[in-house]
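A note on names: the letters A, B, ... follow the listed sequences, proteins ahead of strands, and every chain is numbered from 1.
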Number of protein chains: 2
Amino acid sequence: MSAEKPLFPFVTVDVALFTIDEQRVKVLLVKREEAPYAGCWALPGGALKPHLDGTLLDAVHRVMERKLSASLPWVEEVCTFNGANRDPRGWSLSVLHMALFPMDRIQAVAGLRVSEVKWADAELPLEALAFDHRRVLERAVQHLRNSVERGALPLQMLPEKFTLTQLQKTCEIVLGKSLDKSAFRRRLKELHAGDIEEIEGEFERGVQRPAQLWKAVKHRQ
Amino acid sequence: MSAEKPLFPFVTVDVALFTIDEQRVKVLLVKREEAPYAGCWALPGGALKPHLDGTLLDAVHRVMERKLSASLPWVEEVCTFNGANRDPRGWSLSVLHMALFPMDRIQAVAGLRVSEVKWADAELPLEALAFDHRRVLERAVQHLRNSVERGALPLQMLPEKFTLTQLQKTCEIVLGKSLDKSAFRRRLKELHAGDIEEIEGEFERGVQRPAQLWKAVKHRQ
DNA sequence: AGAATAGTGTCTGTCAGACAGTATCGC
DNA sequence: GCGATACTGTCTGACAGACACTATTCT
């Protein structure tokens with residue numbers, strides 16, 4: 001019950017917010033303004049505020065809306081990182097969440113405060129991150145990849161209207177390997193018939209045969 | 001910052017401890033002695049004590065050792081249950097863990113304090129459980145099943161020495177469906193060559209051809 | 001016509017379930 | 001030998017990757 005041995009741990013949420021840009025998986029990083037690790041890049045996150053947040057998910061949305069001025073279309077709990085020694089301020093418990101962000105709205109975020117927020121390559125975390133966020137980020141990337149590997153569609157990374165080729169390319173970038181077009185579409189028809197639907201009469205045009213546009217079918221998350 | 005709106009949530013660990021008995025998946029329940037839900041059966045668990053526990057996993061082991069007089073051979077974090085309203089005492093965050101227990105040591109636990117601890121059928125949770133533990137248990141069962149479905153072997157539910165038929169039967173009980181012997185063993189050879197090994201010269205004998213005994217290869221968890 | 005990409009059909013090798021066959025014990 | 005279960009080999013159907021073919025636009 002002394003100051004060094006508090007009865008409660010710090011409870012925080014950390015968010016790995018992923019999108020796709022320049023053919024790479026990107027993650028949102030913020031520059032820490034306060035100690036510890038002031039000036040270091042870190043995953044966005046913040047302390048749970050029981051008087052404001054009904055659930056941890058509420059905390060995630062509250063914290064991220066301040067940083068994004070936009071709401072998150074998809075959030076998923078991944079796991080916790082906890083212990084007496086991972087934060088110099090004391091016993092901390094942080095719950096990692098993975099979130100997805102549409103690639104066509106990157107600018108709305110990146111343009112905000114360039115010196116404080118940036119989209120970094122999620123798979124080349126060259127620089128040091130605050131706390132144990134390097135490990136945390138690795139787990140989040142792994143979670144994303146596993147989800148797609150098991151057949152989940154990262155629809156929330158895409159624009160509202162997208163082509164199947166875009167969807168496939170997104171999966172390929174996440175997985176880091178190329179997929180067969182025919183097999184990919186066969187699987188879509190068999191397993192994801194209820195997740196996406198054609199937008200009748202709308203096509204993406206270019207120097208080629210027009211591509212059917214699709215949209216995600218809204219499920220409650 | 002008032003008494004009604006504390007700055008910190010309760011942080012607890014809950015444990016779904018599974019084993020196999022009478023051809024069924026069983027889970028350990030304890031009878032609550034204190035309010036709220038006094039007299040109700042619940043999943044074992046307890047509050048994190050930052051001055052005693054280096055990590056949440058330490059808390060799990062500390063809490064369970066008091067109830068089992070035995071250590072847990074396998075513990076895995078599953079997910080959190082949290083919110084302002086799930087515990088009448090206030091904002092609570094409990095981290096669910098799944099643990100496995102060897103079927104040949106059930107008695108060592110069940111015999112302790114029969115009125116306070118019992119092994120209940122994990123898939124027929126007929127009676128009401130304290131808090132939201134019914135949902136919590138469902139998630140834990142689902143986690144166990146998913147793991148085995150994806151190919152994990154629930155080796156920690158088995159005795160130290162076991163036959164492949166026992167291992168297969170255990171998987172079948174968890175999955176709730178029968179498996180093909182030939183395919184099961186083929187997969188063991190291909191994917192789990194490093195996880196189990198024969199105990200040379202040791203066999204399970206009965207009114208039949210003796211069955212080779214195997215043991216789990218120790219990995220750090 | 002030719003380039004470019006969308007979208008589809010077919011082939012084929014791989015893998016997993018089905019099932020039958022062989023092996024080895026107790027009685 | 002018979003019952004019982006351990007263990008193994010082969011067949012086959014489903015599925016997924018490979019790849020080629022057709023379709024439709026712009027230039």
Side-chain angles (χ1 to χ4, degrees), chain A residues 20 23 103 145-153 155 158-159 161-193 195-216, chain B residues 20 23 103 145-153 155 158-159 161-193 195-216:
Chain A
I20 302 284
Q23 313 273 80
M103 56 175 80
R145 235 197 303 255
N146 284 348
S147 302
V148 175
E149 187 78 52
R150 287 176 202 141
L153 298 178
L155 296 172
L158 293 164
K161 302 175 180 184
F162 54 87
T163 67
L164 295 190
T165 301
Q166 270 182 293
L167 175 54
Q168 181 181 338
K169 190 70 196 160
T170 302
C171 291
E172 289 177 337
I173 291 167
V174 168
L175 294 176
K177 67 178 183 191
S178 60
L179 301 171
D180 181 77
K181 179 162 61 170
S182 174
F184 184 77
R185 292 176 181 220
R186 191 165 45 208
R187 189 164 60 78
L188 286 184
K189 278 192 191 130
E190 289 164 3
L191 299 177
H192 298 286
D195 298 332
I196 57 176
E197 63 183 23
E198 306 184 31
I199 308 173
E200 267 190 55
E202 293 205 37
F203 299 89
E204 176 89 358
R205 290 169 183 282
V207 192
Q208 82 279 2
R209 172 174 174 178
Q212 177 69 53
L213 283 170
W214 297 69
K215 65 180 178 189
Chain B
I20 302 285
Q23 312 272 79
M103 54 175 79
R145 236 198 302 257
N146 284 347
S147 302
V148 176
E149 188 78 52
R150 287 179 204 139
L153 298 177
L155 296 171
L158 293 164
K161 301 176 181 184
F162 54 87
T163 67
L164 295 190
T165 300
Q166 268 181 294
L167 175 55
Q168 182 180 341
K169 190 72 196 158
T170 301
C171 291
E172 288 176 338
I173 291 168
V174 168
L175 294 175
K177 68 177 183 191
S178 59
L179 301 171
D180 181 77
K181 179 159 60 170
S182 174
F184 184 75
R185 292 178 181 218
R186 190 165 43 208
R187 190 164 58 78
L188 287 183
K189 277 193 192 131
E190 289 164 2
L191 299 177
H192 298 285
D195 298 332
I196 57 176
E197 62 183 23
E198 307 186 28
I199 309 174
E200 267 190 56
E202 292 205 38
F203 299 89
E204 177 89 359
R205 291 170 181 279
V207 192
Q208 82 279 4
R209 172 174 171 180
Q212 176 68 53
L213 283 170
W214 297 68
K215 65 180 178 188

Tell me: [atom1] of [X] to [atom2] of [N], nearest whole Å?
X: B:Glu204; N: D:dC7; atom1: CD; atom2: C1'; answer: 16 Å
X: B:Glu149; N: C:dA16; atom1: CD; atom2: P; answer: 13 Å
X: B:Phe184; N: C:dA18; atom1: CZ; atom2: P; answer: 15 Å
X: B:Phe203; N: C:dA23; atom1: CZ; atom2: P; answer: 16 Å
X: A:Leu213; N: C:dG7; atom1: CG; atom2: C1'; answer: 14 Å
X: B:Glu202; N: D:dA6; atom1: CD; atom2: P; answer: 17 Å
X: A:Leu188; N: C:dA6; atom1: CG; atom2: C1'; answer: 14 Å
X: B:Glu198; N: D:dA6; atom1: CD; atom2: C1'; answer: 13 Å

Give a yes or no on whether a donor-acceptor pair under 3.5 Å exists between the nucleobase atoms of [N], that is its base, and the side chain of [X].
X: B:Arg187; N: C:dG17; answer: no
X: B:Arg186; N: D:dG9; answer: no
X: A:Ser182; N: C:dG9; answer: yes

* Test B:Arg186 against B:Leu191 for side-chain contact (heavy atoms from CB on, under 4.5 Å), laying out the working first. => CA-CA 9 Å; B:Arg186 190 165 43 208; B:Leu191 299 177; over 6 Å; no

* Residues from residues 162-181 of chain B sitting under 4.0 Å of DNA chain D, heavy atoms only? ->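 Output list: B:Thr165, B:Lys181.
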
Output yes when a side-chain donor or acceptor of [X] lies under 3.5 Å from a complementary backbone atom of [Y], and no otherwise.
X: A:Glu172; Y: A:Leu179; value: yes
X: B:Gln166; Y: B:Thr163; value: yes
X: A:Gln212; Y: A:Ile199; value: yes

* Excluding sequence neighbours, so at least two apart, what forms salt bridge (charged side-chain N to carboxylate O under 4.0 Å, His left out) with B:Lys161? ->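 Partners of B:Lys161 by the salt bridge (charged side-chain N to carboxylate O under 4.0 Å, His left out) criterion, ordered by chain and then number, come out as B:Glu202.
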
Indicate yes or no: at least one non-hydrogen side-chain atom of [X] is less than 4.5 angstrom from one of [Y].
X: B:Leu155; Y: B:Thr170; answer: no
X: B:Arg185; Y: B:Asp180; answer: no
X: A:Leu175; Y: A:Arg145; answer: yes
X: A:Leu158; Y: A:Met103; answer: yes

* Asked: Counting side-chain heavy atoms from C-beta on, which of C:dT8, C:dG17, C:dG9 comes nearest to A:Arg185?
  ->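 Closest nucleotide among those given: C:dT8.
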
Between protein and nucleic acid, restricted to nucleotides 24-27 of chain D and to nitrogen or oxygen atoms under 3.5 Å apart, what atom pairs and distances do you find?
| from | atom 1 | to | atom 2 | distance (Å) |
| --- | --- | --- | --- | --- |
| D:dT24 | O2 | A:Arg209 | N | 3.3 |

